[in-house]
There are 2 protein chains.
Amino acid sequence: MSGPMVLDETDERILTVLTRNARATFNEIGSVVGLSAPAVKRRVDRLVASKAIRGFTTVVDPAAMGWTTEAYVSVFCTGVVAPEVLARAWEDIPEIVSAATVTGAADAVLRVVASDVGHLERAIERIRRSGSVDHSDSVIVLSRLIERTGNGREPVEPQDS
Amino acid sequence: MSGPMVLDETDERILTVLTRNARATFNEIGSVVGLSAPAVKRRVDRLVASKAIRGFTTVVDPAAMGWTTEAYVSVFCTGVVAPEVLARAWEDIPEIVSAATVTGAADAVLRVVASDVGHLERAIERIRRSGSVDHSDSVIVLSRLIERTGNGREPVEPQDS
DNA sequence: TCTGAAAGATCAGGTTT
DNA sequence: AAACCTGATCTTTCAGA
């Protein structure tokens, strides 16, 4: 589909702008990075095609959606399990916001978001029922302190249009 | 600044569209939710003003940015520490992608992203130096299995325009 | 020097805001 | 009505034959 993923400095600056505001116009981006709008569009299209950009999304206040309960779940499996097997077992559980295999005693750490404690309990039960889980250990989130996008860059508060 | 945050079903459907693609036009959103473009714009503006929408952002492949090393860090503090104090102590450490106080033995769980193991080590040292941390326990991520936005809705792969 | 690929600028038309 | 998106076309640069 497309070649390797080589980002020059202009690409990174475009990503910085788009990370702060995914709805920035090509003109706005161009005036920051010093390019014309069509030139910016070509680069953005290329970043999308090369999968460097995974998508454009909106950060919604979880409280506004009624998703107020959250937990970190450490999962311990029986025997050796391939990461791909775990990914396939869990990808259909929408309450799982992130999952990763880790070093240490646990095999994987999941982050689970639910509407209330009952909902959370059902989600964790479903996780434990999924293949080769021996046991799990959950801690419930009390306060969210920091929540960023993962590039050291946060979305910026939208301005009035 | 603005009234309370009351979302009707149309608002939620607008948020669903914008979560899947933050660059959707008002027309596209309108054709999904059955509203005219100006009507959609008024609602989106209201959602932004009421802070139900925190921002629009772009999901970048971390590997493309060279941020390939990641860890979960459990932090144990001495004595009782207010969440706001922790938030203030850590907000200036950009490697921290998320942080939350939790139930259980640990006081907080952080997720830290860095460019390599050395960078990760320096970030963790900085965290441990920040006020009232007694000790910490880190596990390093081996494979990322799932990564979603946190509303049970993922951004969708952008289409060619 | 010539040629082709890559990257940017300008412009026009249809669309979105 | 004004701003924006986007395809078409033209220019520049640069590497390799």
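Just so we're on the same page: letters track the sequence lines, and every chain starts at 1.
When the nearest nucleotides of DNA chain C are assigned to A:L35 and B:E28 by heavy-atom distance, the more 5′-ward of the two goes with A:L35. Comparing A:R42 and A:P38 by the nucleotide of DNA chain C whose heavy atom lies nearest to each, the residue mapping closer to the 5' end is A:R42.
Figure legend: A:R128 and A:F76 shown without cation-pi pairing, the cationic atom not lying both under 6.0 angstrom from the six-membered ring centre and within 45 degrees of its axis.
To the nearest angstrom, P of D:dA2 lies 20 Å from CZ of B:F26. The separation between A:N27 atom CG and D:dC5 atom C1' is 10 Å, rounded to whole Å. Residue B:R23 contributes atom CZ, which lies 19 Å from atom P of C:dT15 at whole-angstrom precision.
Note on A:S36: a base of the nucleic acid sits closer than 4.0 angstrom, heavy atoms only.
Following chains of ILVMFWY side-chain contacts shorter than 4.5 Å, one can reach A:V17 starting from A:I53, so the two form part of one hydrophobic cluster.
Applying salt bridge (charged side-chain N to carboxylate O under 4.0 Å, His left out) to B:D45 and the options B:R43, B:K41, B:R42 leaves one that passes, B:K41.
With C:dA9, C:dT17, C:dG8 as the candidates, the nucleotide lying closest to the side chain of A:R43 is C:dG8. Comparing C:dG8, D:dT6, C:dT17 by their nearest atom to the side chain of B:K41 picks out C:dT17. Closest to the side chain of A:A39, out of C:dG8, D:dC4, C:dT16, is C:dG8.
Under 4.0 Å is where a charged nitrogen must lie from a carboxylate oxygen, and between A:R88 and A:E84 no such pair does.
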